Number of protein chains: 2
Amino acid sequence: MDLSSIEIFLAVAADRSVTKAAKAVGRVPSNVTTRIQQLEDYLGVLLFSRDGKKMTLTREGETFLTYADRLAALALEARQAVRPMRPSGTLRVGTMESTAASRLPAALSRFNQMWPDVSLQLSLGASRDLARDVLREALDCALIARPPGTMLDEDAGFEAELMELEAEPVFVEDLVLVLPPGHPSIRSAADLRVGSLAALEPGCTYRRIAESWARKSSALHTTELGSYHAILASVATGNAAGVMPKSVLDLMHWPVASPTHPLAKVETILIYRKSDRSGAFDVFHEVLEASKGSRLMAS
Amino acid sequence: MDLSSIEIFLAVAADRSVTKAAKAVGRVPSNVTTRIQQLEDYLGVLLFSRDGKKMTLTREGETFLTYADRLAALALEARQAVRPMRPSGTLRVGTMESTAASRLPAALSRFNQMWPDVSLQLSLGASRDLARDVLREALDCALIARPPGTMLDEDAGFEAELMELEAEPVFVEDLVLVLPPGHPSIRSAADLRVGSLAALEPGCTYRRIAESWARKSSALHTTELGSYHAILASVATGNAAGVMPKSVLDLMHWPVASPTHPLAKVETILIYRKSDRSGAFDVFHEVLEASKGSRLMAS
DNA sequence: AGGAAAAGATCTCAATTTTGGAATAAAATG
DNA sequence: CATTTTATTCCAAAATTGAGATCTTTTCCT
């Protein structure tokens, strides 16, 4: 039993899917399957029940999950505890609105407990702006959306900027379009029966992806809103389709079952300047790494 | 970082020697070295300082030791927690006096906490008798000394009995001769300036090893005593040399620095009947396995 | 001192394990 | 009923591990 098996198990348990977990931990599905099977026969017990293609935790799997969580946390703590230099100072982290809402809280609170001497300065913004700020050394690192291959052509400048920086995949988001309750399901933008897309600021990669998708078959304009709450409110009026990662939607207790339409899978990457990595950055990076597989919140 | 690395680290930390640790965990020294080095560069820190052949924990190593202990304990608990059947009933365990004194207490107390439903019945005795009792099904398993190769010829019957049973190495003991304070160091039994060997009952393998060693160059008789305390008291009189594993000697706060003479390395093995293994036995076996590398006591 | 002897590190090579990719099978979706 | 999604199996390549032999250093014992 080694820690990577635990990490993999955690990811599968969180996503209830081998394929998603594989993406989350940066491996190939067959490998994930193998590791889970190894874990199962090391423990002598079935961790998941596979009825069809659904992976659900067995009773024993649930039990093991609590241990796996503690094991992973303890191992992370051990690694950090032996670090010879105690990092301190300020770390300036840029992040997208969505990441700040869904994936960061758990990691940040753990980081804070572990390294009270590091003061974390969080800046929210659009991917584009964040990347520029990292380059300008106004930020030490940032979590941004990696534009999918098809979009890179449209914005060669952005791509060039990214090439200057180190980049590492951290999360994978399911970008979806949230439709008003009762809206019939759609195949393409042409089926939309709303007046506009509701999204964040122009530099937002998610917005750009949605717009580029919509352009193919319709001529919707975009309503710019300041927050995901505002977007959802706007969707509730029936006049707009909201753009956001599924993880953000899951986070809000959206009262009605809105139909959603998947737009794309978008990687969230951590970018930083290779040249100057402080001790504070190293530990932040490690804590982030450890939260890859885990569930969103303590739940 | 995987659990076997942790187990290996624990063993090296406990013994402060790669070779001893290698024996304890049943591996080859080069392997132990490699694993420690891997651990060190995974953590980015030196765990041991090697001044000469002494392996001493660095400050970081000490820190990591506390985590390693917790990690190993947690992993063991996890493995046991997912066991589908909760074992219960009675488990009859035979053990040598020496093992009961030095190596078992930690394991037994952990076992008790983990499986309060299993009542453990401990029988003390000599290896020979214990083996017979396991065969006769008067015991479920026993911890006995494996007679070294050279002694098997003298006792073909014992060997034959052992062949009927499953056997697995669990500990390695340094069998030593404890000499009275002030006794000059010896090369062979001929240098002994005492009247007798002080040992336990005749069936005791340790005693038989010592006697067979003594026979080669001297004609000492053996004083039979009932306990290791009695043996040490007898050594203190100056008239006898005591026979016991080093771990037992270390355990007693023997006031003076008695010279000791190493007699042999003797494996302690767990024997049981392959045919009937209860659930209770399986978990006992696992707890024992986990305590292989760890230090003797909580200390 | 000098010279074994012992212990740890290191090197090399074989065996095992792990990994990623393609192909396959099974199940859900529409 | 076809299409897509998902887990798994199989296979080859890569990485890790484990064992023996050798080398170096220290310790211990004349």
Side-chain angles (χ1 to χ4, degrees), chain A residues 1-9 11-42 46-58 61 169 172 174 176 184-188 191 246 259-262 264-265, chain B residues 1-9 11-13 15-42 46-58 61 172 174 184-188 191 259-262 264-265:
Chain A
M1 182 159 64
D2 81 322
L3 286 179
S4 50
S5 305
I6 301 262
E7 196 193 337
I8 291 171
F9 167 76
V12 177
D15 293 334
R16 284 185 293 291
S17 149
V18 170
T19 355
K20 295 224 190 82
K23 282 215 150 188
V25 299
R27 287 156 191 272
V28 100
S30 69
N31 191 16
V32 171
T33 300
T34 311
R35 298 297 285 267
I36 295 293
Q37 286 172 344
Q38 284 175 351
L39 207 50
E40 285 179 328
D41 67 59
Y42 170 71
L46 243 46
L47 260 15
F48 295 93
S49 74
R50 292 90 158 161
D51 349 298
K53 69 182 169 190
K54 280 271 190 304
M55 303 280 287
T56 52
L57 283 167
T58 58
V172 181
D174 252 321
V176 298
S185 67
I186 63 176
R187 301 222 52 123
S188 76
D191 302 333
K246 185 152 179 314
T260 62
H261 177 75
K265 300 228 186 258
Chain B
M1 181 158 67
D2 80 321
L3 286 180
S4 51
S5 305
I6 301 259
E7 196 193 334
I8 291 171
F9 166 76
V12 176
D15 293 335
R16 284 185 292 291
S17 150
V18 169
T19 3
K20 293 223 192 80
K23 282 216 151 190
V25 299
R27 286 159 194 272
V28 99
S30 72
N31 190 15
V32 172
T33 300
T34 312
R35 300 297 284 267
I36 295 291
Q37 284 173 343
Q38 283 174 348
L39 205 51
E40 284 179 330
D41 68 59
Y42 170 72
L46 243 46
L47 260 15
F48 294 93
S49 72
R50 292 91 160 159
D51 351 296
K53 70 180 167 189
K54 282 270 188 301
M55 302 279 287
T56 52
L57 283 167
T58 58
V172 181
D174 253 319
S185 66
I186 63 175
R187 303 223 48 128
S188 75
D191 303 333
T260 63
H261 178 75
K265 301 230 186 258

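Order of the sequence lines sets the chain letters (A, B, ...), proteins ahead of strands, with each chain counted from 1. From a predicted model like this one, the values you see are computed outputs, not experimental measurements. Scope of the values below: all heavy atoms of this structure, side chains included, with no hydrogens, waters or symmetry mates.
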Can you tell me the distance, in whole Å, between the [atom1] atom of [X] and the [atom2] atom of [N]?
X	N	atom1	atom2	answer
A/R16	D/dA7	CZ	C1'	16 Å
B/Q37	D/dG18	CD	P	14 Å
A/D191	C/dG30	CG	P	14 Å
A/M55	C/dA27	CE	P	15 Å
B/R27	D/dA19	CZ	P	8 Å
A/L46	D/dA7	CG	C1'	14 Å
B/Q38	C/dT18	CD	P	13 Å
A/I36	D/dA7	CD1	P	11 Å

- Position toward the 5' end of DNA chain C (nearest nucleotide), A/N31 or A/K54: A/N31
- Message: Does C/dT17 have its OP1 or OP2 closer than 4.0 Å to a side-chain nitrogen or oxygen of A/R35?
- Response: no
- Under 4.0 angstrom, heavy atoms only, what part of the nucleic acid is A/T19 near: base, sugar-phosphate, or nothing? sugar-phosphate
- Message: So B/T34, base contact, sugar-phosphate only, or nothing? Heavy-atom distance under 4.0 Å.
- Response: nothing
- Side-chain donor or acceptor of B/S30 under 3.5 Å from a matching atom on the base of D/dA19? yes
- Which of A/R35, A/E7, A/Q38 passes side chain to side chain contact (heavy atoms under 4.5 Å, CB included) with A/D2? Answer is A/R35
- Message: Keeping B/T58 on the side-chain end and B/L46 on the backbone end, is there a donor-acceptor pair under 3.5 Å?
- Response: yes
- Would you name the heavy atoms of A/L39 and A/F9 that are closest together and state the gap between them? CD2-CB, 3.7 Å
- Query: What's the shortest heavy-atom distance between A/A11 and A/V25, and which atoms?
  - Reply: CB-CG1, 3.7 Å
- Should we count CZ of A/R50 as having more than 12 external heavy atoms under 6.0 Å? yes
- Given C/dG20, D/dT8, D/dG18, the nucleotide with the shortest approach to the side chain of A/V18: D/dT8
